[in-house]
Number of protein chains: 2
Amino acid sequence: MASDHTRSAILAAAERLYADRGFGDVTLRDIVAEANVNLAAVNYHFGSKDELIAELFVSRSIATNRERLRELKAAEEQGGGRAPIEVILRALVGPTLRGCLGPENQRSTAARFMIRASIESVPPIRRIKNRELDHLRKFAGAMRRALPDRSDVDIYWGLNFALAMAHHTIRESERLTKLSEGKCDLDDVEDVVARVVSVATMALTAGKVEAKAPSRIAAR
Amino acid sequence: MASDHTRSAILAAAERLYADRGFGDVTLRDIVAEANVNLAAVNYHFGSKDELIAELFVSRSIATNRERLRELKAAEEQGGGRAPIEVILRALVGPTLRGCLGPENQRSTAARFMIRASIESVPPIRRIKNRELDHLRKFAGAMRRALPDRSDVDIYWGLNFALAMAHHTIRESERLTKLSEGKCDLDDVEDVVARVVSVATMALTAGKVEAKAPSRIAAR
DNA sequence: TTGCAATTCAAACACTTGTATGAAACTATC
DNA sequence: GATAGTTTCATACAAGTGTTTGAATTGCAA
């Protein structure tokens with residue numbers, strides 16, 4: 001038991017470095033240097049590098065999932081078991097967007113770490129990641145309750161597109177800024193959230209029963 | 001000059017392996033084993049591993065960009081300098097989606113390699129990647145011509161979301177299949193293209209001048 | 001054939017990676 | 001204050017990486 005100080009110093013340093021530079025080029029020696037601890041401390045406290053990553057991921061994973069579910073539950077209870085689709089989507093993508101965009105000093109290393117984890121997919125994480133499916137299914141359930149006459153397929157596609165827009169915008173935020181020559185303001189996080197939620201809502205509500213039929217397509 | 005055989009065998013093997021397993025865990029020895037050539041051949045023909053990756057990326061990059069621009073030009077010429085927004089978007093996301101999804105045997109290693117390159121962002125590629133901005137700007141230009149009374153900001157956001165949906169769907173295709181318990185059919189590539197194009201079109205045409213209006217949408 | 005450049009090859013090199021070791025330093029209980 | 005258990009530390013290890021080397025082999029022109 002005792003101090004725990006070294007343990008948490010390692011966790012914090014690892015999270016920071018992974019969030020900033022990705023899993024690819026962060027070595028154990030980088031981590032222990034950042035944490036000001038001895039090289040052998042990682043193996044002593046966590047067993048191996050992979051177990052360190054895994055522990056980091058599971059703890060952050062349940063934390064952010066809890067955060068998102070908290071928003072979702074609150075919205076559904078307030079609406080008597082059924083929340084508006086916009087609010088559900090906002091609960092889904094809001095926390096991550098807020099944690100990864102905006103003024104540099106208020107970004108959350110936890111959120112940025114989770115984005116890295118969702119991108120790079122290093123072995124120890126991939127093994128655990130199935131849990132996330134159950135989490136997403138809860139959101140799918142809420143969305144189905146909000147849009148009862150929508151097919152499951154459309155619900156899942158809408159969920160997929162919402163996450164797509166949020167994650168891609170985070171990953172390619174500098175590119176979008178450069179491409180638009182600064183016209184797209186990625187620091188205005190609430191505007192970004194509103195745009196993502198708005199488009200995802202359209203994707204889920206357009207065309208009602210008829211579903212998609214833009215150019216042509218006979219519809220399933 | 002001479003045979004060139006070794007060179008192209010290495011390029012093909014590297015592209016295949018990178019497309020399948022990513023840059024992270026493909027070693028030079030994996031590549032030369034797959035290509036049936038000697039280990040030193042890579043350094044002899046390309047100078048270094050990074051230069052091999054760079055050459056692979058530039059050649060594939062100009063190839064797929066040419067492919068997309070060909071579709072775009074054709075559409076604009078047919079429309080007298082202005083193509084419908086759906087067709088533009090289809091030219092943007094269609095080739096990549098078709099190359100990465102669908103029946104396994106007809107997927108293109110080139111397209112899958114490019115997706116890997118757009119995800120993992122290894123140093124030699126990151127250095128070159130700025131060229132892609134000019135390419136995307138051409139699409140932004142076509143979209144502006146198609147939607148003259150749309151603000152630049154909205155155009156760029158629409159472009160961003162279209163790429164977001166396409167790339168994310170490719171990257172997470174197995175997850176979406178699992179999440180939806182097979183209800184979302186990722187092998188029906190044309191349906192996927194239609195969905196992405198449809199949502200992106202809505203994002204770009206909804207609300208007209210008023211821009212985003214979270215709750216619902218005045219529909220043009 | 002002879003000669004010469006281009007190419008292939010096996011082997012080794014220098015370096016980095018994660019991990020293991022055993023002694024030292026610390027901490028708390030008796 | 002001695003002792004047992006925990007934690008730190010410097011150091012070494014084994015394995016894997018990209019790269020280099022120099023001798024063999026090949027291909028082709030004279």
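Computed from a predicted structure; not experimentally measured. Any value given below was found using the heavy atoms of this structure, including those in side chains, with hydrogens, waters and symmetry copies removed. In what follows, chains carry the letters A, B, and so on, assigned in the order in which the sequence lines appear, proteins first and then strands, with residues in each chain numbered from 1.
- With rounding to whole Å, L39(A) atom CG is found 12 Å from dA20(C) atom P.
- One atom, CD1 of I53(A), and another, C1' of dG18(C), lie 11 Å apart when rounded to the nearest Å.
- Distance from the side chain of T27(B) is smallest to dG18(D) among dT19(C), dT8(D), dG18(D).
- A salt bridge between D154(A) and R195(B) is present, with a side-chain N of the basic residue lying under 4.0 Å from a carboxylate O of the acidic one.
- A salt bridge links E67(B) with R70(B): the distance from a Lys NZ or Arg NE/NH1/NH2 to an Asp or Glu carboxylate oxygen falls below 4.0 Å.
- At whole-Å resolution of the value, CG in N38(A) and C1' in dA12(D) are 13 Å apart.
- Between K138(B) and D134(B) there is no salt bridge, since no side-chain nitrogen of the basic residue lies less than 4.0 Å from a carboxylate oxygen of the acidic one.
- Protein atom OH of Y44(B) is 9 Å distant from nucleotide atom C1' of dA5(C), rounded to whole Å.
- Distance NE2 (H45(B)) to P (dT19(D)): 15 Å, rounded to an integer number of Å.
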Report all side-chain donor-acceptor pairs from residues 51-62 of chain B shorter than 3.5 Å, counting only partners two or more places apart or in another chain.
residue	atom	partner	partner atom	Å
E51(B)	OE2	S48(B)	OG	3.2
E55(B)	OE1	R7(B)	NH2	3.3
E55(B)	OE2	R7(B)	NH2	2.3
S59(B)	OG	E55(B)	O	3.4
S59(B)	OG	L56(B)	O	3.1
R60(B)	NE	E15(B)	OE2	2.5
R60(B)	NH2	E15(B)	OE1	2.9
R60(B)	NH2	E15(B)	OE2	3.4

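- In the interface, the side chain of R29(A) is paired with the base of dG18(C) through a donor and an acceptor atom under 3.5 Å apart.
- Rounded to an integer number of Å, the gap from CG of L28(A) to P of dC13(D) is 20 Å.
- Counting to the nearest Å, the P atom of dC13(C) and the CG atom of N43(B) are 17 Å from each other.
- Computed from coordinates, the H5(A) NE2 to dT7(D) C1' distance equals 13 Å when rounded to whole Å.
- Of the listed nucleotides (dT7(D), dG18(D), dC9(C)), dC9(C) has the atom at the smallest distance from the side chain of A40(B).
- Considering only side-chain N and O atoms, T6(B) lies under 4.0 angstrom from the phosphate OP1 or OP2 of dT8(C).
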